[in-house]
Amino acid sequence: MEKREVKERRTGLPDLKNAEKGKVVLRFAPNPNGPLSFGHARGLVINSTYREMYDGEFILRFDDTDTKVKPPMLDAYERIQKETAWLTGRKPDRVIIASDRMEAYYEHAELMLQNDHGYVCQCSAEVFKEHRIAKTNCPCRDQKTSENLNLWSMMLQRQFKPGDVVVRVKTDMTLKNPALRDWPALRLQDTESHPHPRPEVGSKYVVWPLLDFQSAVEDHLQGVTHIIRGKDLMDSTRKQTLLYEHFGWDYPETMYWGRVKVHEWGGFSTSKMRNDIESGRYPGWGDPRLPTLEGLSGRGISNTALRAFWLELGITQKDISVPLSTLYAHNTKVVDAEAPRLSFIRHPVLCKVEGDEIPNSISTPVHPNDESMGMRTWEMIGREIYIENEDAQKGSLRLKEFADITLKGAPSPVANIDSYERSDKRPIVHWITKENSLEGTLLSTSNDEIQTVQGRIEKHNFAPGTIVQLERIGYACIKENDSFILCHESFDE
RNA sequence: GCUCGUGUGGUGUAGCCAGGUCCAUCAUAGUGGGUUUUCAUCCCGCCGACCCGGGUUCGAAUCCCGGCACGAGCACCA
């Protein structure tokens, strides 16, 4: 047997099976029942990265076929498209909305009934469950094709109530895997009391496809070649493969990833977040404590870091739990080189500087490792500065880039300049002059709480959304000119 | 219960399909040190893993069988 030449370490995602460059079609299909969360990012990152690797196409599909249990949210359609572009770096090649495609699903449902590959079942869910467990056929299974078509048109004509009737795919009631036995393909929804939120859809339809049917038909219609999704949908693949066999279609290649939890968050269920927002626990989807893309980007987690994070996890089927520090480590790498440095003084203490030959201004670099970012210059005319209360307790300090001082008196100490050169090992602290700073606020998240610290923030001209580094504190995202939120964990006080 | 899937250091991940070059990769965390007028960045060192038991084989992280553990599906949710 021939041996591989060298075992090379794989980097990046593994190759796709049966993939030809330029002919790969991938998709990601969220339910628009809320904006995108951290968990959705995996599907977006993995699928869109394969698009780039294979020069293929990437479809964003809205699976909005449930109006009651997981009702879509109207503004999510736009938001999800924006968030997708933000995260993946470009727009999807195609956008499909399932609720626009109902006629196609009806057509295939009818075709399935005509070919006797499905039937209209009037058993209750409970009764059918008995059959599924007992591996026995339900009476509806033997109906004539004409009877099925007749019942189908009655469904469309609203002659049944939700729960009374369902269209099933004929598989085999003796299949080993109970999940696959004559699975339901379409059902009725009361769209009068639970209308679809899209005005053009509203109460227009009562017969709605279920995920396995809708997704299967749509994947075929769109020419999807590779499906990469969570392993919770493995049985979906098996169900859908049986449907594909009825239609004589070839099922796409599939890959799965396992379940991911984040230590600090647990899961990230859109439905649960929606409840928490509606109950007032969080003010909105963009709250920095929430694992939504909006919440994360709002506190300065970059799209590059998110991509690196998910690419590193890859597509193993293991169920894992990851600490947020992993994401933060990626973010630091992305953000540090570009983050201007600013001084923020928590619990500020005002000091009067005294000494000989005090210069008129002090200059310090915007970024210690990048001269091209320039200098920041503080006027020393007023000779009043702020230092952190905690530092003030230490008595003698080195004001960074300025002077060694000794503090005397309280509560407004005098800072006597001992030396401009560094003369000993006294601690180096950050500081700011009174005239070059404003009152400011620093927010941070911790254990589902938002903490606030008041202080003095160095004046700056950076736009909201800019990620800066507050010296000796951490990276922060500018919310407004005088308010910041910490990107990573909270202060360790 | 039935069905399916997964088990590599604290956390992830490579290697497994095509057994040897694996006293097991890389990252992150932790820890020690270096650079640095930030408790940042950067650099170096250390720490630490093949779920268990059989089997096949000259040789097993890799193949086979059996356990065990964990997860998911069995919805008229996605």
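Chain identifiers are assigned alphabetically (A, B, ...) following the order of the sequence lines, protein sequences preceding nucleic acid strands; residue numbering begins at 1 within each chain.
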Engineer: Taking any heavy-atom pair under 4.0 Å as a contact, classify Gly314(A): base, sugar-phosphate, or nothing.
Structural biologist: nothing

Engineer: Separation of Met234(A) atom CE from rU6(B) atom P, in whole Å?
Structural biologist: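 Value for this atom pair: 6 Å.
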
Engineer: Any base atoms under 4.0 Å from Lys68(A), or only sugar-phosphate, or nothing? Heavy atoms, all strands.
Structural biologist: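 Since no nucleic acid heavy atom lies under 4.0 Å of Lys68(A), the category is nothing.
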
Engineer: Reckon Glu312(A) touches a base, only the sugar-phosphate, or nothing at all at heavy-atom distances under 4.0 Å?
Structural biologist: sugar-phosphate

Engineer: What contact category does Ser343(A) fall into here, base, sugar-phosphate, or nothing, at under 4.0 angstrom with non-hydrogen atoms?
Structural biologist: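 Since no nucleic acid heavy atom lies under 4.0 Å of Ser343(A), the category is nothing.
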
Engineer: Which whole-number value in Å describes the distance from His430(A) NE2 to rA40(B) P?
Structural biologist: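 It works out to 13 Å between those atoms.
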
Engineer: Using a cut-off of strictly less than 4.0 Å, decide whether Lys231(A) has a side-chain nitrogen or oxygen near OP1 or OP2 of rG73(B).
Structural biologist: no

Engineer: For Leu313(A), report the nucleic acid contact type (base, sugar-phosphate, nothing); a contact means any heavy atom under 4.0 Å.
Structural biologist: sugar-phosphate

Engineer: So, OP1 or OP2 of rA78(B): does either fall under 4.0 Å of a side-chain N or O from Arg187(A)?
Structural biologist: yes

Engineer: More 5' along RNA chain B: Lys239(A) or Leu211(A), using each one's nearest nucleotide?
Structural biologist: Lys239(A)

Engineer: Which part of the nucleic acid does Ser124(A) contact within heavy-atom distance under 4.0 Å: base, sugar-phosphate only, or nothing?
Structural biologist: base

Engineer: Of the candidate nucleotides rU11(B), rA78(B), rU41(B), which contains the atom at the shortest distance from the side chain of Val322(A)?
Structural biologist: rU11(B)

Engineer: Can you confirm whether Gln159(A) is buried at CD, in the sense that more than 12 heavy atoms of other residues, nucleotides or ligands lie under 6.0 Å from that atom?
Structural biologist: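 More than 12 heavy atoms, drawn from other residues, nucleotides or ligands, come within 6.0 Å of this atom.
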
Engineer: Looking across every strand, which nucleic acid part, if any, lies under 4.0 Å from Tyr475(A) by heavy atom: base, sugar-phosphate, or nothing?
Structural biologist: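 The residue Tyr475(A) makes sugar-phosphate contact but no base contact.
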
Engineer: Do the side-chain N or O atoms of Ser215(A) get closer than 4.0 angstrom to the phosphate oxygens (OP1, OP2) of rA78(B)?
Structural biologist: no

Engineer: Please classify the nucleic acid contact of Ser271(A) as base, sugar-phosphate, or nothing, using heavy-atom distances under 4.0 Å.
Structural biologist: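 No contact.
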
Engineer: Any salt bridge linking Lys231(A) with Asp319(A)? Criterion: basic side-chain nitrogen under 4.0 Å from a carboxylate oxygen.
Structural biologist: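 Counted as a salt bridge, because a side-chain N and a carboxylate O are separated by less than 4.0 Å.
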
Engineer: Distance check needed: rC39(B) P versus His488(A) NE2, whole Å only.
Structural biologist: 17 Å

Engineer: Would you kindly give the NE2-to-P distance between His367(A) and rU36(B), to the nearest whole Å?
Structural biologist: 17 Å

Engineer: Consider only side-chain N and O atoms of His430(A) and Glu388(A), and report whether a donor and an acceptor are under 3.5 Å apart.
Structural biologist: yes

Engineer: Can you check the Ile473(A) CD1 to rC39(B) C1' distance for me, whole Å?
Structural biologist: 10 Å

Engineer: Under 4.0 Å, counting only non-hydrogen atoms across every strand here, what does Leu233(A) touch: a base, just sugar-phosphate, or nothing?
Structural biologist: base

Engineer: How far does the C1' atom of rA72(B) sit from the matching atom of rU28(B), given to the nearest Å?
Structural biologist: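 rA72(B) and rU28(B) have their C1' atoms separated by 28 Å.
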
Engineer: Please determine whether a side-chain nitrogen of the Lys or Arg among Arg61(A) and Asp63(A) lies less than 4.0 Å from a carboxylate oxygen of the Asp or Glu.
Structural biologist: yes

Engineer: Rounded to whole angstrom, note down the C1' distance from rA69(B) over to rG30(B).
Structural biologist: 27 Å

Engineer: What distance separates Tyr106(A) OH from Leu156(A) CG, expressed to the nearest 0.5 Å?
Structural biologist: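 Answer for the OH-CG pair, Tyr106(A) versus Leu156(A), is 6.0 Å.
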
Engineer: Between Arg141(A) and Asp182(A), does any side-chain N to carboxylate O distance fall below 4.0 Å?
Structural biologist: yes

Engineer: Rounded to whole angstrom units, what separation is found between the CG atom of Asp182(A) and the P atom of rC76(B)?
Structural biologist: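 It works out to 12 Å between those atoms.
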
Engineer: Considering only side-chain heavy atoms of Lys70(A), which listed nucleotide, rA78(B), rA40(B), rU28(B), is closest?
Structural biologist: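 Closest nucleotide among those given: rA78(B).
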
Engineer: Please determine if a side-chain N or O atom of Arg259(A) lies less than 4.0 Å away from the OP1 or OP2 oxygen of rA72(B).
Structural biologist: yes

Engineer: Side-chain N or O of Lys318(A) less than 4.0 angstrom from OP1 or OP2 on rU13(B)?
Structural biologist: yes

Engineer: Please measure how far the C1' atom in rC44(B) lies from the corresponding atom in rC58(B), and state the result in whole Å.
Structural biologist: 42 Å

Engineer: Which part of the nucleic acid, if any, lies within contact of Ala125(A), taking any heavy atom under 4.0 Å across all strands shown: a base, the sugar-phosphate backbone alone, or nothing?
Structural biologist: base

Engineer: Measure from the side-chain heavy atoms of Glu401(A) and tell me the nearest of rU37(B), rA78(B), rG12(B).
Structural biologist: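 The listed nucleotide nearest to Glu401(A)'s side chain is rU37(B).
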
Engineer: Looking at every strand, decide which applies to Asp63(A) at a 4.0 Å heavy-atom threshold: base, sugar-phosphate, or nothing.
Structural biologist: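 Since only primed, P, OP1 and OP2 atoms lie under 4.0 Å of Asp63(A), the category is sugar-phosphate.
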
Engineer: Is the phosphate of rG12(B) approached by Thr316(A) (side-chain N or O, under 4.0 Å from OP1 or OP2)?
Structural biologist: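 Checking rG12(B) against Thr316(A), no side-chain N or O comes under 4.0 Å of OP1 or OP2.
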
Engineer: Would you call Arg426(A)-Asp418(A) a salt bridge at under 4.0 Å N-O?
Structural biologist: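 Judged by the 4.0 Å cut-off on N to carboxylate O distance, Arg426(A) and Asp418(A) do form a salt bridge.
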
Engineer: Produce a footprint string for nucleotides 47-52 of chain B: one letter per nucleotide, 5' end first; B if the base is under 4.0 Å from any protein heavy atom, S if only the sugar-phosphate is, - if neither.
Structural biologist: ------

Engineer: Decide, yes or no, whether a salt bridge links Arg187(A) with Asp66(A) under the criterion of side-chain N to carboxylate O below 4.0 Å.
Structural biologist: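 The answer is yes: the pair qualifies as a salt bridge.
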
Engineer: Roughly how many Å apart are rA61(B) and rG5(B), using the P atom of each and rounding to a whole number?
Structural biologist: 24 Å

Engineer: For a quick check of understanding: with a heavy-atom distance under 4.0 Å over all strands, which category does Arg238(A) fall into, base, sugar-phosphate or nothing?
Structural biologist: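 Contact class for Arg238(A): sugar-phosphate only.
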
Engineer: State, yes or no, whether a side-chain contact exists between Leu470(A) and Ile457(A) at a heavy-atom distance under 4.5 Å.
Structural biologist: yes

Engineer: Which nucleotide sits closest to the side chain of Ile428(A): rU37(B), rU28(B), rU41(B)?
Structural biologist: rU37(B)

Engineer: Is there a side-chain contact between Lys176(A) and the phosphate of rC74(B), meaning an N or O under 4.0 Å from OP1 or OP2?
Structural biologist: no

Engineer: Of the nucleotides rA40(B), rU13(B), rA78(B), which one has an atom closest to the side chain of Thr65(A)?
Structural biologist: rA78(B)

Engineer: Does any donor-acceptor pair link the side chain of Arg472(A) with the base of rA40(B) at a separation under 3.5 Å?
Structural biologist: no

Engineer: Toward the 5' end of RNA chain B, which comes first, Ser325(A) or Glu471(A), by nearest nucleotide?
Structural biologist: Ser325(A)

Engineer: Write down the distance separating the P atoms in rU25(B) and rC47(B), rounded off to the nearest Å.
Structural biologist: 12 Å

Engineer: Reckon Pro368(A) touches a base, only the sugar-phosphate, or nothing at all at heavy-atom distances under 4.0 Å?
Structural biologist: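 The answer is base, as Pro368(A) lies within the cut-off (heavy atoms under 4.0 Å) of a base atom.
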
Engineer: Give a yes or no on whether a salt bridge exists between Glu471(A) and Arg341(A), defined as a side-chain N under 4.0 angstrom from a carboxylate O.
Structural biologist: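 Looking at Glu471(A) and Arg341(A), the cut-off is not met.
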
Engineer: Quick one: the side chain of Arg398(A) and the base of rU37(B), do they pair up donor-acceptor inside 3.5 Å?
Structural biologist: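 Counting by modelled atom types and ignoring angles, a donor-acceptor contact under 3.5 Å is found here.
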
Engineer: Rounded to the Å, how far apart are Asp424(A) CG and rU37(B) C1'?
Structural biologist: 12 Å

Engineer: Between rC39(B) and rC46(B), how far apart are the two C1' atoms, rounded to whole Å?
Structural biologist: 23 Å

Engineer: If you measure only the distance, is there a donor-acceptor pair under 3.5 Å linking the side chains of Arg456(A) and Thr433(A)?
Structural biologist: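 Short answer, no.
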
Engineer: Using whole Å, what does the distance between atom P of nucleotide rC76(B) and atom NE2 of His194(A) come to?
Structural biologist: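 Interatomic distance, NE2 of His194(A) to P of rC76(B): 17 Å.
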
